[in-house]
Amino acid sequence: MAAALLANTLYSLGFVLEKRALTALPEVTIRQPARLLSLVLGSPLWIGGSLALAAGFAAQLVVYRTLPIAAAQGIFVSGLVLLVLLSARLLGEETSGRERYALGAILLALLMVVLSLREGSDTVSQDAPYPLILLVCVPSLAAGVWLYASAERRTRNRHRRPTTGVEYGVAVGLLYGVSSLAIKGVSSRLTTHGIGGAVLDLLSSPYPYLLLFTGVFGLVMSQAALQRCRASLIVPVCTTVTSLFTAVLGTLSFGEALPDEPLRLALRVAGTALAVAVLLTMPKHDTAPQPSPPAKELASP
């Protein structure tokens with residue numbers, strides 16, 4: 001539990017620092033990944049945010065070794081509250097009434113998932129069949145990249161109203177969902193005795209290669225989306241998609257049993273359905289006021 005809360009704090013802080021750094025940089029795009037990387041790597045603030053995210057990744061490894069997948073995702077989603085508070089305080093972002101209701105509904109869905117858990121009765125699986133993992137992950141990666149590319153094409157339309165970033169959040173959330181399953185797999189491979197055996201065992205699995213793909217593409221896609229859209233909206237959408245993907249498909253892939261009591265099962269299913277419904281009804285166009293750009297941008301030609 002302590003590791004999960006620490007991961008929440010580090011992830012929220014990391015995203016906010018990266019967003020603040022990106023607002024001071026020239027526009028970045030996935031069509032120029034080398035330029036994007038050179039710009040962000042030249043920003044000390046962005047590097048600080050990425051280090052916070054990396055530390056959150058390490059804490060997440062500890063969580064997956066000790067908690068069932070569904071339980072871990074329920075705790076991770078609670079970090080949305082901290083993220084919204086930090087975004088308002090450090091970025092000057094404001095959420096609309098409809099968006100606040102949506103975030104409240106997501107937190108209610110989280111509570112329902114948490115109430116469906118019972119300590120000692122939920123299993124923590126350590127392995128999954130590789131063909132099943134690839135069957136789940138490969139189509140999800142393709143869907144995430146396609147959805148992001150579609151959102152990019154629509155955004156380039158000058159006559160289109162500003163987007164809230166829901167499409168971007170869903171696309172990146174799919175990639176991070178695959179990454180989350182890979183992290184779970186890596187944590188299970190690290191149980192081998194001896195460093196050499198653990199490394200060989202890990203390299204013979206699909207998990208490091210899934211992490212490499214999601215790391216590279218997720219970095220480029222998330223930074224471009226984060227610069228265009230409010231962190232207080234795009235990150236909650238991304239986090240919710242990631243959590244739902246991991247809780248549902250991860251539970252099935254790793255063979256972690258669903259609750260056998262009708263009430264607990266109903267709470268988990270209803271919580272998942274509520275979170276999906278909120279995502280489908282969230283506003284697609286931005287009406288909330290945006291924070292003013294930094295002074296150095298106003299002075300630039």
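The chain is numbered in sequence order, starting from 1.
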Taking all atoms of both residues into account, what is the closest heavy-atom pair of [X] and [Y], and its distance?
{"X": "Gly56", "Y": "Ala7", "answer": "O-CB, 3.8 Å"}
{"X": "Ser140", "Y": "Val178", "answer": "CB-CG2, 3.9 Å"}
{"X": "Val28", "Y": "Ala224", "answer": "CG2-CA, 3.9 Å"}
{"X": "Thr214", "Y": "Ser179", "answer": "OG1-CB, 3.5 Å"}

Considering only heavy atoms from C-beta outward, does the side chain of [X] approach that of [Y] to under 4.5 Å?
{"X": "Leu210", "Y": "Leu141", "answer": "yes"}
{"X": "Leu37", "Y": "Leu219", "answer": "yes"}
{"X": "Ile133", "Y": "Lys184", "answer": "no"}
{"X": "Val40", "Y": "Leu25", "answer": "yes"}
{"X": "Val235", "Y": "Leu226", "answer": "yes"}
{"X": "Tyr207", "Y": "Ile183", "answer": "no"}
{"X": "Tyr168", "Y": "Arg228", "answer": "yes"}

Checking the side chain of [X] only, and the main-chain atoms of [Y] only, is there a donor and an acceptor separated by less than 3.5 Å?
{"X": "Lys19", "Y": "Cys229", "result": "yes"}
{"X": "Tyr11", "Y": "Ala52", "result": "no"}
{"X": "Ser222", "Y": "Gly218", "result": "yes"}
{"X": "Thr246", "Y": "Leu181", "result": "no"}
{"X": "Ser43", "Y": "Trp46", "result": "yes"}
{"X": "Ser180", "Y": "Tyr176", "result": "no"}
{"X": "Gln227", "Y": "Pro26", "result": "yes"}
{"X": "Ser50", "Y": "Ile47", "result": "yes"}

Between Tyr148 and Glu167, a side-chain donor and acceptor under 3.5 Å: no
Could you measure the distance from the [atom1] atom of [X] to the [atom2] atom of [Y]? Nearest 0.5 Å is fine.
{"X": "Phe15", "Y": "Ile234", "atom1": "CZ", "atom2": "CD1", "result": "9.0 Å"}
{"X": "Thr242", "Y": "Leu174", "atom1": "OG1", "atom2": "CG", "result": "8.0 Å"}
{"X": "Leu147", "Y": "Met221", "atom1": "CG", "atom2": "CE", "result": "8.0 Å"}
{"X": "Ser253", "Y": "Leu134", "atom1": "OG", "atom2": "CG", "result": "10.5 Å"}
{"X": "Cys137", "Y": "Leu132", "atom1": "SG", "atom2": "CG", "result": "9.0 Å"}
{"X": "Met112", "Y": "Arg264", "atom1": "CE", "atom2": "CZ", "result": "14.0 Å"}

Check: Phe213 ring centroid to Phe217 ring centroid under 6.0 Å: yes
[X]-[Y] co-clustered via ILVMFWY side chain contacts under 4.5 Å:
{"X": "Tyr130", "Y": "Val186", "value": "yes"}
{"X": "Phe57", "Y": "Leu51", "value": "yes"}
{"X": "Val138", "Y": "Leu249", "value": "no"}

Presence of salt bridge, Arg35 and Glu27, under 4.0 angstrom: no
Thr29/Arg31 under side-chain contact (heavy atoms from CB on, under 4.5 Å): CA gap, chis, key distance, verdict: CA-CA 5 Å; Thr29 173; Arg31 290 172 292 174; 3.4 Å; yes
